[in-house]
Protein chains: 2
Amino acid sequence: MDNEIFEALFEIVTFFNQPQQDRDLLKRAEISLEPAALPIIVRAGRQPEISIGELANQIGRNHSSVSRQVDKLVKAGWLMEVERRDQRIRRVTLSQQGQRALLQVKVAREAAFRQRLADYSDADRSELARVLQRLAATLNERG
Amino acid sequence: MDNEIFEALFEIVTFFNQPQQDRDLLKRAEISLEPAALPIIVRAGRQPEISIGELANQIGRNHSSVSRQVDKLVKAGWLMEVERRDQRIRRVTLSQQGQRALLQVKVAREAAFRQRLADYSDADRSELARVLQRLAATLNERG
DNA sequence: ATTTATTGGTGCAACATGCACATATTATAG
DNA sequence: CTATAATATGTGCATGTTGCACCAATAAAT
């Protein structure tokens, strides 16, 4: 049965992994943000004061690459650097502009998604919300 | 409530979007496949006889880039070219080797995922499977 | 038969990435 | 307290990937 759960999840995740959607989205929202930057923005939104190393680790790119991407995003005003307690660690947080951008991305994604749920009754939605929320919480435990 | 559904999905999708996992995975499975090639393999698995253009559109990269990636994957034996009915269109399908690789990736992802479900009872799993399968089917309707 | 549209391949310049190494800071050992 | 090790990031450089503009081949439309 875990197999079925996983198969379905694989389909769902694959469906959402369509950078083309994000491009159109960013264009429509008139946000001048390269799609390559989105993973950084998303993670900065989930985890304020995230460090270069944590970003690199989560996104799966070399820290040097992430460092240079973050340079750009800070310069462009999407991220803000936080005061350094440990001087080695550069931590960044979404700026207000960044938060607005992330929100717009979510809203646009949601709009595209909402259409697909047309056939769901209120009870269906309620169940879906409950099940997904638990799954999200489970996945985010620990690591 | 749709908002909550979407928030949870966003979290779940973000969790799975960790290329680092795929790297480790491919290494453990001893599959010499660059992570950049995975989206192509995955989509070829979902949609046999997929064309360069469809791949490019779904993955969000330029067709020229995809064309060159596909060159490599064919050369390396992961993909097979299908006989051309329309001579303009190059269609590819997973080779047996490619199918095995995709399966291994799924199995490895599943193993990492399964650990997280430790707290789910059989009933919980059953419900999760049912709800996710319906969602996956809903998302895959039409285009 | 001619024109138009579709599909994808190629040269080229720009950008992004990883590696190896350097630097700065903090933690640890003695 | 000092010396050493560990951590976190930044930089130069070589390599790889990407998109753009254009071209060639094929198919569809007029």
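Residue numbering restarts at 1 for every chain, and letters A, B, ... go by the order of the sequence lines.
Annotation: cation-pi pair A:K106/B:F10 present, NZ/CZ under 6.0 Å from the ring centroid and within 45° of its normal.
Nearest-nucleotide positions on DNA chain C for A:S65 and B:S64 put B:S64 closer to the 5' end.
Between A:K72 and C:dC15 there is no side-chain N or O to OP1 or OP2 distance below 4.0 Å. Between B:R90 and C:dG9 there is a side-chain polar atom (N or O) within less than 4.0 angstrom of OP1 or OP2.
Here the P atom of nucleotide D:dT17 and the CG atom of B:L38 are 14 Å apart, to the nearest Å. Atom CZ of A:R84 is separated from atom P of C:dT25 by 9 Å (rounded to the nearest Å). Rounding to whole angstrom units, CD1 of residue B:I40 and P of D:dT17 are separated by 11 Å. When rounded to the nearest whole Å, the span between CD of B:E49 and C1' of C:dT7 equals 17 Å. At whole-Å resolution of the value, CG in B:N57 and P in C:dT6 are 14 Å apart. Look at CD on B:E54: it is 15 Å from P on C:dT6, rounded to the nearest Å. Computed from coordinates, the B:N62 CG to C:dT10 C1' distance equals 12 Å when rounded to whole Å.
Two residues are said to be in side-chain contact when any heavy atoms from C-beta on lie closer than 4.5 Å; A:F15 and B:Q58 fail this criterion.
In the interface, the side chain of B:R68 is not paired with the base of C:dG8 through any donor and acceptor atom under 3.5 Å apart. A donor N or O paired with an acceptor N or O is found under 3.5 Å between the base of C:dT6 and the side-chain atoms of B:R88.
At a threshold of 4.0 angstrom between heavy atoms, the contacts of B:R91 with the nucleic acid are absent.
Remark: the B:D124 side chain and the B:S121 side chain contain an N/O donor-acceptor pair separated by less than 3.5 Å.
For A:D86, taking side-chain heavy atoms from C-beta onward, the closest of the listed nucleotides C:dT26, D:dG12, D:dG19 is C:dT26. The side chain of B:I89 has C:dG8 as its nearest neighbour among C:dT17, C:dG9, C:dG8.
Put simply, A:H63 rests on the base of D:dT9: the two rings are less than 5.5 Å apart at their centres and nearly parallel, under 30°.
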